[in-house]
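Letters A, B, ... mirror the listed sequences (proteins, then strands); counts begin at 1. The shown structure was predicted, so the numbers you read here are calculated from the model rather than taken from an experiment.
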2 protein chains.
Amino acid sequence: MNKININFIAKLRTSGLRPTKQRLKICDILFNREKTFHFSINDLTKILEIEHNEKISLATVYNTVHAFKKKGYLKEIHIGNEMSYFDTNTSSHHHFYDEQTKELTDISSNEVEIKKIPSPPSGKKIDGAEVIFKISKKI
Amino acid sequence: MNKININFIAKLRTSGLRPTKQRLKICDILFNREKTFHFSINDLTKILEIEHNEKISLATVYNTVHAFKKKGYLKEIHIGNEMSYFDTNTSSHHHFYDEQTKELTDISSNEVEIKKIPSPPSGKKIDGAEVIFKISKKI
DNA sequence: ATATAGTTTAGAATTATTATAAAGTATGAA
DNA sequence: TTCATACTTTATAATAATTCTAAACTATAT
Ligand SMILES: [Mn+2]
Ligand SMILES: [Mn+2]
Ligand SMILES: [Zn+2]
Ligand SMILES: [Zn+2]
């Protein structure tokens, strides 16, 4: 029960989510980080089990992640394979993606400038653009 | 047995794939088009069943699509949901993506120009960039 | 024609995800 | 403090996309 947790308790309460110990533990893992975090449900489950020795039901991990997504604390990303990834950076931003390691790295919006933008299909408007830079090990 | 099929027969043979009637039918559906085609396995299966009255085993549809991908005739795309999409445009290119209709539209590489490019993580090199422009119905 | 390797197929298995419903818990009111 | 209640967790079942398996079938070379 540290200050950090108290902040999460408040944040969850004001979101209309009860601060259960499962949710607080997941908050701690996801949001007590310097850099943004990209993870699959499987990643998160393994971190809970192995690094934190917590056995939270898989259904609860899914429920929690989806609840956080719905409240706007996580963004879902589909990239590279059949699993969903989640991103603690919920802003519109770009990514480096290494197909070998399947690693995602953030690029902030202001680091990329798209000069020439195509005109959208008729009757449609452009809501945003996200770039994926494929990267690989330098030889 | 038209000219088009004869071309597919040759193409398959030179790829080391036997021109079976299942593969030729799928070639006909996928590659006899003006515009590039984005489809899921489910889409293709339904086109086969409903539009062409062909009952090709689901395993064969998967096998064929993956064989074509391996030979470089299709590109796999992961976007928007948990299903894979395949793209008859195998070049590096960009897309419009409508989240409502889940429709993908091609944008050729020369219609987009990325002015400012971020520097890759150390030890990594950039292999390419693909942009997804999210679009929606104009109000 | 025949042999052989490649292909198709139905069905089982696997994997990611979602649904169900019973047991447990946070919270506000009495 | 109870207590009632709605919310949450959980094990388990169900679903959906995909892959595996092994037997039947077929294209191709000889
Ligand atoms: Mn999802
Ligand atoms: Mn795939
Ligand atoms: Zn990100
Ligand atoms: Zn495309």
Side-chain angles (χ1 to χ4, degrees), chain A residues 1 5-6 8-29 38-49 52 54-71 73-74 76-86 102, chain B residues 1 5-6 8-29 38-49 52 54-71 73-74 76-86 102:
Chain A
M1 282 298 184
N5 268 5
I6 290 165
F8 288 138
I9 289 173
K11 194 163 191 179
L12 288 171
R13 282 230 180 82
T14 60
S15 305
L17 296 172
R18 289 185 181 173
T20 63
K21 72 179 198 307
Q22 292 87 345
R23 283 172 177 165
L24 288 169
K25 182 43 96 178
I26 290 172
C27 278
D28 181 41
I29 291 169
H38 302 91
F39 64 97
S40 66
I41 294 288
N42 188 48
D43 294 335
L44 179 53
T45 305
K46 285 207 176 120
I47 291 170
L48 282 161
E49 285 174 0
H52 296 259
E54 298 268 352
K55 44 180 172 1
I56 297 180
S57 157
L58 182 59
T60 299
V61 180
Y62 273 98
N63 287 342
T64 302
V65 166
H66 283 134
F68 289 179
K69 180 193 170 190
K70 190 183 279 184
K71 295 299 177 183
Y73 303 136
L74 290 174
E76 191 167 0
I77 294 178
H78 292 93
I79 201 168
N81 61 10
E82 26 284 319
M83 246 176 331
S84 274
Y85 283 86
F86 294 88
K102 305 206 179 306
Chain B
M1 285 296 183
N5 267 5
I6 289 166
F8 288 136
I9 290 173
K11 193 164 193 179
L12 289 171
R13 282 229 180 84
T14 60
S15 304
L17 296 173
R18 290 183 182 175
T20 63
K21 72 179 200 308
Q22 291 88 344
R23 285 173 176 164
L24 287 169
K25 180 45 94 179
I26 290 173
C27 277
D28 181 43
I29 290 169
H38 303 90
F39 64 96
S40 66
I41 294 289
N42 188 48
D43 294 334
L44 178 53
T45 305
K46 284 206 177 122
I47 291 170
L48 282 161
E49 283 174 0
H52 295 259
E54 297 269 352
K55 46 180 169 6
I56 295 179
S57 158
L58 183 59
T60 299
V61 179
Y62 273 98
N63 287 342
T64 302
V65 166
H66 283 135
F68 288 1
K69 180 193 170 190
K70 191 184 281 185
K71 295 297 178 182
Y73 304 136
L74 291 173
E76 191 167 0
I77 294 178
H78 293 94
I79 201 167
N81 60 10
E82 26 284 318
M83 245 176 335
S84 274
Y85 283 86
F86 293 87
K102 304 205 178 307

* **Other residues, nucleotides, ligands: >12 heavy atoms within 6.0 Å of K102(B) NZ** => yes

* Asked: Rounded to the Å, how far apart are E76(A) CD and dA16(C) P?
  -> 14 Å

* Give a yes/no answer on whether the side chain of H66(A) brings an N or O atom under 4.0 Å of OP1 or OP2 in dT17(C). => no

* To do: Say whether T60(B) and N63(B), considering side chains only, have a donor N or O and an acceptor N or O under 3.5 Å apart.
  => no

* Under the 3.5 angstrom rule, does the side chain of S57(A) hit a backbone N or O of A59(A) as a donor-acceptor pair? -> yes

* To do: May I ask you to decide if S40(A)'s main-chain N or O and D43(A)'s side chain share a donor-acceptor pair within less than 3.5 Å?
  => yes

* To do: When you get a sec, tell me which of dT28(D), dT27(C), dT17(C) is the closest nucleotide to the side chain of M83(A)?
  => dT17(C)

* **Short side-chain N/O contact to dT17(C) OP1/OP2 from Y62(A), under 4.0 Å** => yes

* Can any side-chain N or O of R23(A) pair as donor or acceptor with the backbone N or O of R18(A) at less than 3.5 Å? -> yes

* Asked: Do V65(B) and F39(B) come close enough that some side-chain heavy atom pair is under 4.5 Å?
  -> yes

* Would K11(B) count as a cation-pi partner of Y73(B), with NZ or CZ less than 6.0 Å from the six-membered ring centre and within 45° of the ring normal? -> yes

* Asked: Just how far, in rounded Å, is C1' of dT17(C) from NE2 of H78(A)?
  -> 11 Å

* Asked: Quick one: E82(A) CD to dT14(C) P, roughly how many Å, whole number?
  -> 17 Å

* Y85(B) OH - dA17(D) C1' separation (whole Å) -> 12 Å

* Starting at atom CG of N42(B), determine the distance to atom C1' of dA17(D), rounded to an integer number of angstrom. => 10 Å

* Structure fact -> To the nearest angstrom, the CD1-C1' distance between I9(A) and dT27(C) comes to 14 Å

* Structure fact -> Given protein heavy atoms under 4.0 Å, the one-letter contact record of nucleotides 4-10 of chain D, with B base, S sugar-phosphate only and - none, is simply --BBSBB

* Structure fact -> When rounded to whole Å, the NZ to P distance for the pair K46(B) and dA17(D) reads 9 Å

* Between atom CZ in R13(A) and atom C1' in dA26(C), what is the gap in whole Å? -> 8 Å

